[in-house]
Number of protein chains: 2
Amino acid sequence: MTAKKVLIIDDESSIREMIAIALEMAGYEYLEAENIQQGHEIVVDHRPDLILVDWMMPGGSGIELTRRLKKDATTAEIPVIMLTAKSEEDNKIQGLEVGADDYITKPFSPRELVARLKAVLRRATPQGVDEPIEIDNLVLDPISQRVTIGTRPLDMGPTEYRLLKFLMTHQERAYSRAQLLDQVWGGNVYVEERTVDVHIRRLRKAIGSTHDYLIQTVRGTGYRFSAQRSL
Amino acid sequence: MTAKKVLIIDDESSIREMIAIALEMAGYEYLEAENIQQGHEIVVDHRPDLILVDWMMPGGSGIELTRRLKKDATTAEIPVIMLTAKSEEDNKIQGLEVGADDYITKPFSPRELVARLKAVLRRATPQGVDEPIEIDNLVLDPISQRVTIGTRPLDMGPTEYRLLKFLMTHQERAYSRAQLLDQVWGGNVYVEERTVDVHIRRLRKAIGSTHDYLIQTVRGTGYRFSAQRSL
DNA sequence: TGACATTGTCACAACTTTGCCACATAACCT
DNA sequence: AGGTTATGTGGCAAAGTTGTGACAATGTCA
């Protein structure tokens, strides 16, 4: 396995240094961005596997950056850990709401940092490189975030896209509605299970009748993506 | 699947009642403990699948109980949801730090409760990894939840699938109808024994005449799955 | 702001599965 | 053989699951 890249966005050089040492010892690759304005570009350029953002940043807040990252579909899946000072405890909630995956309260030990980081990475989808996935002429390209059949581009909403992507990356496997909600919507959303059906329907519609056999119903359970026709 | 047991620890009987109704409707089993002092013992005794704890408890805090539960290795994995009043928002953080898995702010709707509860349970229950079972060209794959002979996928209902799965994982062994009802239907359903025969028949039909010798009748007893043809 | 797209829910329609019955067949026994 | 019991079969009504269109709420974008 290649070393995971961790991007640090923090203005305090002493903290950056401490983190750098901790990461190196734990076998991670280290990227840094001093200035939050550069944050977004650096993320897009280097595609880190995880980002550490300091909450307290002069001239702009880490929370703003996090929000921006989580909104952008190309960076949304990169996990973010926020660093907050003890006195800013209340902000944790705000941080989590904006989409941060975890937070660490300063001061923290290098060991704690690495432990949290491991946990978050473990939870994060172990997706490989962003290779396009092609099955039976249906192509999903994660870079351009586009789905095509032959030359025809398909029109679908972000949720349908994520759902399809998940199913395609895990083809030949049956998932319950609950599991799909977990994986596609995210663990702690409050959404009816039947909503999954509706999105499946929209997906099938978008894909069209020539290929809708790819998305199969597993009665009593949920759904499955499979190139093998079921009947 | 057996009903999940949910333990409620709260002093307000009106809330307990509301929760009880919501749980019942959603198909959960309901346990209650009025007094926090009893909390720990009840947990150890009944091993609930999830615990709801009110933050506000006279004479002792729910947080204390939660901490105790999460410290004890035998109860640590049981998920805990805390109930907090709006004004106690700041306590959420403390709750999460103590190890609570989620929190709900009062007032909350029954639906919200059930949804959160589902989400937490979903996260807490991991899936085992099952290997496909292959016998005489008949393959049952628990991952895709599909049964195939060669390349042909078989069409059967969920009950037939479970029945077949059970028989295949216990091949060469005869089971009575009662045992099958127990294992495949679940312990406490009331179903006629002859119903098993009907499902066996459907199974044989689904498998087709080329392979129906695999499911054998054991006269006076029940049925058996065996790759070895009996006379 | 207003048009437009997306999302989650619902109510109802369409379809499957299930359990049971009644009767047909088969196996077993004396 | 004839009687007796056990199992196979087709069909059916009820229950359960999934498909579908419409709607309101919300978010997005120029």
Side-chain angles (χ1 to χ4, degrees), chain A residues 67-68 70-73 76 97-99 145 147 153-164 174-178 180-181 184-186 188-209 212-213 215-224 230-231, chain B residues 1 26-27 109-112 114-115 118-119 145 147 154-164 174-178 180-181 184-186 188-209 212-213 215-224 230-231:
Chain A
R67 176 177 286 124
R68 243 190 301 152
K70 288 297 179 182
K71 240 184 190 165
D72 184 341
E97 269 167 7
V98 155
Q145 299 236 18
V147 184
L154 305 184
D155 179 38
M156 64 181 76
T159 306
E160 276 79 57
Y161 173 82
R162 288 202 312 279
L163 179 57
L164 179 60
Y175 287 96
S176 69
R177 291 156 232 275
L180 291 173
L181 282 180
V184 178
W185 274 254
N188 18 16
V189 282
Y190 155 43
V191 170
E192 290 292 324
E193 294 207 339
R194 287 303 309 279
T195 298
V196 174
D197 299 40
V198 178
H199 281 277
I200 287 283
R201 173 157 178 289
R202 289 173 180 155
L203 204 42
R204 282 172 169 158
K205 208 169 181 179
I207 288 177
S209 55
D212 64 355
Y213 67 91
I215 296 171
Q216 303 169 355
T217 303
V218 183
R219 221 162 208 272
T221 303
Y223 299 93
R224 164 181 60 209
S230 56
L231 263 188
Chain B
M1 200 199 328
S109 71
R111 263 182 31 147
E112 183 184 356
V114 172
K118 260 191 206 160
Q145 230 169 105
V147 184
L154 306 184
D155 180 37
M156 64 182 76
T159 307
E160 280 81 47
Y161 174 84
R162 289 202 310 278
L163 179 57
L164 179 60
Y175 287 94
S176 70
R177 289 156 236 274
L180 291 173
L181 281 180
V184 178
W185 274 254
N188 20 16
V189 281
Y190 174 65
V191 173
E192 291 292 324
E193 294 210 338
R194 289 303 310 279
T195 297
V196 174
D197 300 38
V198 178
H199 281 278
I200 287 284
R201 177 166 170 282
R202 288 174 181 153
L203 204 42
R204 283 172 169 157
K205 205 170 181 180
I207 288 177
S209 53
D212 63 355
Y213 67 91
I215 296 171
Q216 303 167 355
T217 303
V218 183
R219 199 152 221 278
T221 306
Y223 299 93
R224 167 182 56 209
S230 63
L231 39 152

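This is a predicted model, so every value here is computed, not measured. Throughout, a chain's letter reflects where its sequence line sits, starting with A, and its residues are numbered from 1.
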*asked:* Within the 4.5 Å heavy-atom criterion, are B:H199 and B:L203 side-chain neighbours or not?
replied: no
*Working to the nearest 0.5 Å, report the span between CZ of B:R204 and OG1 of B:T217.*
3.5 Å
*asked:* Considering every strand and a 4.0 Å limit on heavy-atom distances, what is the contact class for A:R204: base, sugar-phosphate, or nothing?
replied: sugar-phosphate
_Check whether B:R224 reaches the backbone of B:Q216 with its side chain - one donor and one acceptor, N or O, closer than 3.5 Å._
no
*Nearest whole angstrom, please: distance from the P of D:dT17 to the CE of B:M156.*
19 Å
*Quick one: are A:I207 and A:E160 in side-chain contact, heavy atoms under 4.5 Å?*
no
*Under the side-chain contact (heavy atoms from CB on, under 4.5 Å) rule, collect the residues that match up with A:V196, sequence neighbours excluded.*
A:R177, A:L180, A:L181, A:W185, A:I200, A:Y223
*When the distance from CD of A:E193 to C1' of D:dT17 is rounded to whole Å, what number comes out?*
12 Å
*Counting side-chain heavy atoms from CB outward, which of C:dT18, C:dT7, D:dG8 is closest to A:T159?*
C:dT7
_Polar side-chain contact A:R219-D:dT17 base: donor and acceptor under 3.5 Å_ = yes
*Tell me whether the OP1 or OP2 atom of C:dG19 has a side-chain N or O from B:W185 closer than 4.0 Å.*
yes
*Name the closest nucleotide to the A:D197 side chain, picking from C:dC10, C:dT6, D:dG19.*
D:dG19
_Separation of B:R162 CZ from B:M156 CE (nearest 0.5 Å)_ = 12.5 Å
*Out of C:dC21, D:dG21, D:dA6, which has the shortest distance to the side chain of B:V198?*
C:dC21
_For atom CD of B:Q216 and atom P of D:dT7, their distance in whole Å_ = 14 Å
*Just how far, in rounded Å, is P of C:dT9 from CD of A:E192?*
5 Å
*Does any donor atom in the side chain of A:E192 or A:Y190 lie under 3.5 Å from an acceptor atom in the other side chain?*
no
*Would you mind classifying the nucleic acid contact of A:V218 as base, sugar-phosphate or nothing, using non-hydrogen atoms under 4.0 angstrom?*
sugar-phosphate
_Distance check needed: D:dG8 P versus B:L203 CG, whole Å only._
12 Å
*Please report how far the helix from C:dT1-D:dA30 to C:dT30-D:dA1 bends, comparing the axis fitted to its first five pairs with the axis fitted to its last five, to the nearest 10 degrees.*
40°
*asked:* Any base atoms under 4.0 Å from A:Y161, or only sugar-phosphate, or nothing? Heavy atoms, all strands.
replied: nothing
*Nearest-neighbour nucleotide for the B:Y223 side chain, D:dG21, C:dG19, D:dT7 considered*: D:dT7
*Among C:dT18, D:dT5, D:dG8, the nucleotide that comes nearest once only the side chain of B:R194 is considered*: D:dG8
*Hey, is the side chain of A:R177 poking within less than 4.0 Å of OP1 or OP2 on D:dT17, counting only N and O atoms?*
no
*Have a look at A:T195 and say if it touches a base, only the backbone sugar-phosphate, or nothing, with a 4.0 Å heavy-atom cut-off.*
base
*Specify the separation, in whole Å, of atom CG of A:D155 and atom P of C:dT7.*
11 Å
*When you get a sec, tell me which of D:dC12, C:dT9, D:dG8 is the closest nucleotide to the side chain of B:R202?*
D:dC12
*What is the distance from CZ of B:R201 to P of C:dC20, rounded to the nearest Å?*
17 Å
*If you check the B:P158 side chain, which of D:dT17, C:dT17, D:dG21 turns out closest?*
C:dT17
_C:dC20 phosphate, OP1 or OP2, under 4.0 Å from B:Y190 side-chain N/O_ = no
*Quick one: list whatever passes salt bridge (charged side-chain N to carboxylate O under 4.0 Å, His left out) with B:R202, sequence neighbours left out.*
none
*Rounding to a whole Å, what distance do you find between B:L163:CG and C:dT18:C1'?*
13 Å
